[in-house]
Engineer: 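Take this structure first; my questions come after.
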Amino acid sequence: MQSIYLWPDNALASIFAVWLVSVVFLWAAREPMLRLLSTLGNGLAEGLASIGGSCAAAAKELQQRSREVLLAAGTRDAQGRLDRELQRVDSGFSKQLGHYSQIHRRLDDQLLALEQDYQACGIAPLEIPGWSAAVEAIAGIPLSGDPNIQKVLEGIKRSSQDAERKALQSFREDSARRHKTLGTMLPCWKAIRSSLTRMQDRVGLALESSARINSFVEDYEKLRQNREEAARALTYSATKLCLVAALVLGIALGGAFINFQLIALPMSELVPAGARIGGLPVSTISALVLVLMEAAIGIFLMDMLGITELFPKLATIPRSRRRLILGLALAGLFFLAAVESSLAILREQIVEAEAVLKLSLAGEGPRIVQSASQSAIPVVGQAVLGFVLPWVLALVAVPLEMLLDSGRHLLAALGVLTLAALSHLANGGSHVVRHASTMAASLYDVYVSIPLRIEALARGAEGARQDRRYNVSGQDKAPGEGAI
Amino acid sequence: MKEWYRFPALVMVLVLSCPLACSDDTRYDQAICVLIDVSGTYADQREEVVRILKREVLPGMEPGDTLLVIRIDGESYERDNLEALLTLDARPSHANAQKLALARQLDSLAEREMATPHTDIPGAMMLGGEYLRELASGSRVMLVFSDMEEDLAPGTRRGLREDEFDEVSVVAINVKRLRGDNSDPEVFRTRLADWERRVLASGGRDWRTIMDPTRLAAYLGEMRSG
């Protein structure tokens, strides 16, 4: 500060001098300075307004595009769901109709059997042909006390009783047969009831499918008709999906980390342990590569199974080749799982050997070392983990695809928000700059107000002098000239 | 479309060959040269030295590391003074077996009867420095187990070159105090300061005195990571 003092010993005088010089200078340069401030303010304000407009336009365009993509994705999903349901219904109906003919035939058979059984159950009264007429004729014979007649009558009576007994026996046997037939009808009724229940279930399933199709069609129609609402719903859905996918991916990453830790140490037995890449041991990098390979194979596997579509080209290859890749991916994953399992066992052995070495170098006896490795649970546990984790890791393709799909929409939404915020900020900034430039011009005038006032007074005096001179010269002239 | 299998095959080949192909030129191995004084004044410390080596040095060595053990006696600049030279195998299991064998070798060194009237410390340091230079490991450390009292035989000359300990960190550990040191500690301190000056003047990367042997493993790890 003191460097600008004209008289370092007299600060007040120096400041006054600086102020005076600056005021005089700024007064002299007032007009160009005000023009500069105005131009600068207007330029900045217009620039910021232009940026704000561009950001708003970009946000609108991005929102529009994102909305279109979202709606297209939603429509595609709805169509896909509808197609899948229709295919399912188609195949289901074909199957169920095939079953229906079988059920119908079975019902027919069962009903026929029932009818036959019913007919077999009919009661036919037993008749002894000519027996009544013979009884009547014999009953008409007069009783003469003849012992021969008496004997004949008694013989007839005995015969009659025998015949009655036989008829009763026959009737009982018939009744028993009918009951037996009725007994065999019971399973038939049960079978019919079961067939009818099955038919009811099938019809219920068909109705359920119809309801689902109706729901999908309604969704699809909503998407077609009420696009704004559908876009909002889809954005919410995408956000939810993205969060869920991120959570599942985070869990999968935890699994991958455990997997990595399991094989990092034993990999040093397979690759040169001393070599490093970028400061990291090659064994560590190899373990990482192995874990990533499992994830990559999992992605292929899920694509081949039709669960994901991360490689759209793979969906177009023939079915036979798809099967081949699927088989290769499964075999590869099985191989890697087996390798990991064996590495996990090797890890336990290495850890034990190192413990033995340390204790041995420390001069401890072998007894302590042996007691530490008696349980087989850690080995088995690590082997099982080593085998299972690659398969679990293979499933990472599903949340990954979900995250990529939904993350795109979420990023677009965030981009729109950012651009809109920038637009608002730029517009606000434009207003602030415009007012600030006006304010700066006023402040400038305030700073040079004293010379301005002097100038105004001087101009006023000059004007008065000129007026006086004019008036004086006007009086000298003839009347009427002064008015010119 | 007919060559659909090329992309996954290429990815697999690239992924598999990456760790093998992208080799790093930087060396991360460590060479440790251990100088053990067997002269009369330090003879009683030999068992302790071997114990320190087995507890603090051997367990921390990694596959690819090298350990040299050189005896300090009256004429230390002899190749015969090299008691052990071992580079650990790349496979950890083999390296462990080598460590056990070396531990047994050190035990036998501790039990051997040795006593020399003179102490040729610079001769052993020069021999160790030459080996370390030849190994050109990523980090080079020289551990000196001695009382650091130089006592050359008559007619023996030892002059350290300017680049004698290039890139070598020298550590004096388990330094024994002599009778004179107890009466005047300044003698001991001056002796160590003199060694520090000589080592640094000969291109030594670092000079350090470690009193507590349990800190040695941490120091070696520090040196390895640079």
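Computed from a predicted structure; not experimentally measured. Chain letters run A, B, ... following the sequence lines, proteins first, then strands; residues in each count from 1. All heavy atoms count here, side chains included; hydrogens, waters and symmetry mates do not.
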Engineer: Sequence neighbours excluded and cut-off under 3.5 Å, please list the side-chain donor-acceptor pairs for residues 136-143 of chain B, or say none.
Structural biologist:
unit_1	atom_1	unit_2	atom_2	d
B/S137	OG	B/D29	OD2	3.4
B/S139	OG	B/Q30	NE2	3.1
B/R140	NE	B/S137	O	3.3

Engineer: Atom NZ of A/K358 and atom CG of B/N96: how far apart are they, to the nearest 0.5 Å?
Structural biologist: 9.5 Å

Engineer: More than 12 heavy atoms of other residues, nucleotides or ligands under 6.0 Å from CD of A/E309: yes or no?
Structural biologist: no

Engineer: What part of A/E354 is in contact with chain B, defined as an atom under 4.5 angstrom from a non-hydrogen atom: side chain, backbone, both or neither?
Structural biologist: both

Engineer: What pair of heavy atoms forms the shortest contact from B/S93 to A/E269, and how long is it?
Structural biologist: N-OE2, 2.5 Å

Engineer: Go through the structure and list residues passing ring pair (Phe, Tyr, Trp, His ring centres under 6.0 Å) with A/F334, not counting sequence neighbours.
Structural biologist: A/F387

Engineer: Looking at B/K99 and A/L361, what are the two nearest heavy atoms and their distance?
Structural biologist: O-CD2, 4.4 Å

Engineer: Should the heavy atoms of other residues, nucleotides or ligands under 6.0 Å from CD of B/E130 be counted, would the total exceed 12?
Structural biologist: yes

